[in-house]
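What you are looking at is a predicted structure, and each value in this text was computed from that prediction instead of being measured. A, B, ... follow the sequence lines: proteins, then strands. Residue 1 opens every chain. We use all heavy atoms of the structure for the numbers below, so side chains are in, but hydrogens, waters and symmetry mates are not.
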2 protein chains.
Amino acid sequence: MILTTAEENYLKAIYHLSDEGKKSVSTNDIAAEMKTKPASVSDMLRKLGEKSVIEYRKYYGVHITEEGKKLALQTIRKHRLWEVFLVEKLNFAWDEVHEVAEELEHIQSPLLIQRLDAYLNFPKFDPHGDPIPDEYGDVRSRPRIQLNEMEIDQSGQIAAVKDSSAAFLRYLDKVGAYIGARIKVLDKVEFDGSLEILVDQKKTLFMSKDVASNILVLQS
Amino acid sequence: MILTTAEENYLKAIYHLSDEGKKSVSTNDIAAEMKTKPASVSDMLRKLGEKSVIEYRKYYGVHITEEGKKLALQTIRKHRLWEVFLVEKLNFAWDEVHEVAEELEHIQSPLLIQRLDAYLNFPKFDPHGDPIPDEYGDVRSRPRIQLNEMEIDQSGQIAAVKDSSAAFLRYLDKVGAYIGARIKVLDKVEFDGSLEILVDQKKTLFMSKDVASNILVLQS
DNA sequence: TTATTTTTTTAGCCTTATCTAATTTCGTAA
DNA sequence: TTACGAAATTAGATAAGGCTAAAAAAATAA
């Protein structure tokens, strides 16, 4: 099954929205995610339904099929491999890579991706800590917990971020909270849920509950 | 001036066709080069004319403008840099890179190209020996001569090929005539113009005039 | 259960890039 | 200088992707 660039983007959005534990994904949600109008989404859902990458019942939202999941994971794999390339080889900052990867992920060449994967030494996670699916769509994901849910004295490593907006990533960079940083919860304020964190055994950092809830930690 | 992918491809074709010393490029020539129909070309020429990247007088063919030349050279720069990347970093064979580079050249990110250029160490020629324009569209091209026009005992380096079809490139690979190979004309057959060539001071090679005319040599 | 609001879809139009078929223009040969 | 063939352009379709406005269906409230 070959998809156009637009179809790939819709499918990826549907995959991500499905991931959030919902039974079915609504037209409006997809429109919001894709920054288009619901009318355009309806049209595209009909097309994706015909191609059997989603199950589409009018007025009742969509489910992604196994076939669709596989295709979405291929696109995600390409996106994340390119992000690794941009950061590790071309010295992009991790908050600058998303837009470009969004274009690069649509290049059609299985050989290119195979070679890129090998060249990057078969990375398992992208610069934001998200897992890179393998050729078959399998993902090795580590169990992760939101930083705001950790208890005092627990420690771990920053594994990923939930909000990967440029603004948030820049903030994290500024305070030295990179992916892989070792952290320990020194204190939690009952009142507002804000936290005091020790980063890499040297810097302490105050963080609102809001910020902490967007940071995923691999506990240790 | 921002061009769509299709417009970029047309402009590149017009640039290449202009390069062959013609005063103006015809609709039919462009259609042949782009593998589309003349009717599609007429339409596109109107659009490119409106964007002032070509000068278009109906029924009289087109001239590329300075603005158009600059844009075409930017696209060519991107194409050739990606080719270098694919061959040098991802171990593609030089006859496998064209299609993929054709897609990669349309990625829109000046920063990406700057970084890629630096990462590749500012290469001046692509794997086929064609010069890579700089950011401003300047090309350092070396004077080159067709191999079939060289005299007995003259020597030089293979600098580029005129026909870069996969079949021809594979043939060259097989006989060990890579870009940069040092060659010397040992003999020329008057009758059919075929040549006997010494490659890298060790291998001798017989070559028809036809093949030789597709190889460009930097004389020394 | 009916009425209202929200969500989704349909209908109809736009743009880009392509095509075929018909028409127009050019250049040249008679 | 006219007539003809080649080259180029226009006209009218199609397909993808997006839009607005209107209609229909579903969900919610009274």
Discussion item. Between C1' on D:dG17 and CD on A:Glu7, what's the gap in Å once rounded to a whole number?
Written reply: 10 Å

Practice prompt. For A:Glu83 and A:His128, test the side chains for any donor-to-acceptor distance below 3.5 angstrom and give the result as yes or no.
Written response: yes

Fill in: Minimum-distance nucleotide (side-chain atoms of A:Pro38 versus C:dT9, C:dA21, D:dC19)
C:dT9

Worksheet item: Can you check the B:Tyr59 OH to C:dT24 P distance for me, whole Å?
Response: 9 Å

Worksheet entry | Rounded distance (Å) that lies between atom C1' of D:dG5 and atom CG of B:Asn28 | 13 Å

Item to complete: Calculate the interatomic distance between A:Lys37 atom NZ and C:dT6 atom P; express it in whole Å.
Response: 17 Å

Item to complete: Tell me whether the OP1 or OP2 atom of C:dT9 has a side-chain N or O from A:Thr27 closer than 4.0 Å.
Response: yes

Discussion item. Check this one for me: any side-chain N or O of A:Thr4 less than 4.0 Å away from OP1 or OP2 of D:dG17?
Written reply: yes

Worksheet item: Cation-pi between B:Arg46 and B:Tyr56: NZ/CZ under 6.0 Å from ring centre and within 45° of the ring axis?
Response: no

Response to the item:
Picking from C:dA21, C:dT9, D:dG17, the nucleotide nearest the side-chain atoms of A:Lys58 would be C:dT9

Discussion item. What is the separation between atom CZ on A:Arg46 and atom C1' on D:dG18, rounded to the nearest whole Å?
Written reply: 13 Å

Discussion item. From CG of B:Asp43 over to C1' of D:dG12, roughly how many Å is that when rounded to an integer?
Written reply: 12 Å

Worksheet item: Expressed in angstrom and rounded to an integer, what is the separation of A:Lys47 atom NZ from D:dA15 atom P?
Response: 11 Å

Worksheet item: Within less than 4.0 Å of OP1 or OP2 of C:dT9, is there a side-chain N or O belonging to A:Ser42?
Response: yes

Item to complete: Among the candidates D:dG17, D:dT9, C:dA11, find the nucleotide nearest to the side-chain atoms of B:Tyr56.
Response: D:dT9

Practice prompt. Report which part of the nucleic acid A:Thr36 touches: base, sugar-phosphate, or nothing (heavy-atom distance under 4.0 Å, all strands).
Written response: sugar-phosphate

Worksheet item: Which one, D:dT10, C:dT10, D:dA26, comes nearest to the side chain of A:Tyr60?
Response: D:dA26

Practice prompt. Name the closest nucleotide to the A:Tyr10 side chain, picking from C:dA17, D:dT20, D:dG18.
Written response: D:dG18

Item to complete: Mark yes or no: B:Lys89 above the aromatic ring of A:Phe85, with NZ or CZ under 6.0 Å from the six-membered ring centre and no more than 45 degrees from the axis.
Response: no

Worksheet item: Under 4.0 Å between a Lys/Arg side-chain N and an Asp/Glu carboxylate O for B:Glu105 and B:Arg80?
Response: no

Worksheet item: With distance as the sole criterion, is a donor-acceptor pair present between the side chains of A:Glu33 and A:His16 under 3.5 Å?
Response: no

Worksheet item: Which whole-number value in Å describes the distance from A:Met34 CE to D:dC19 P?
Response: 10 Å

Worksheet item: To the side chain of B:Ala6, which of D:dA8, D:dG17, C:dA17 is closest?
Response: C:dA17

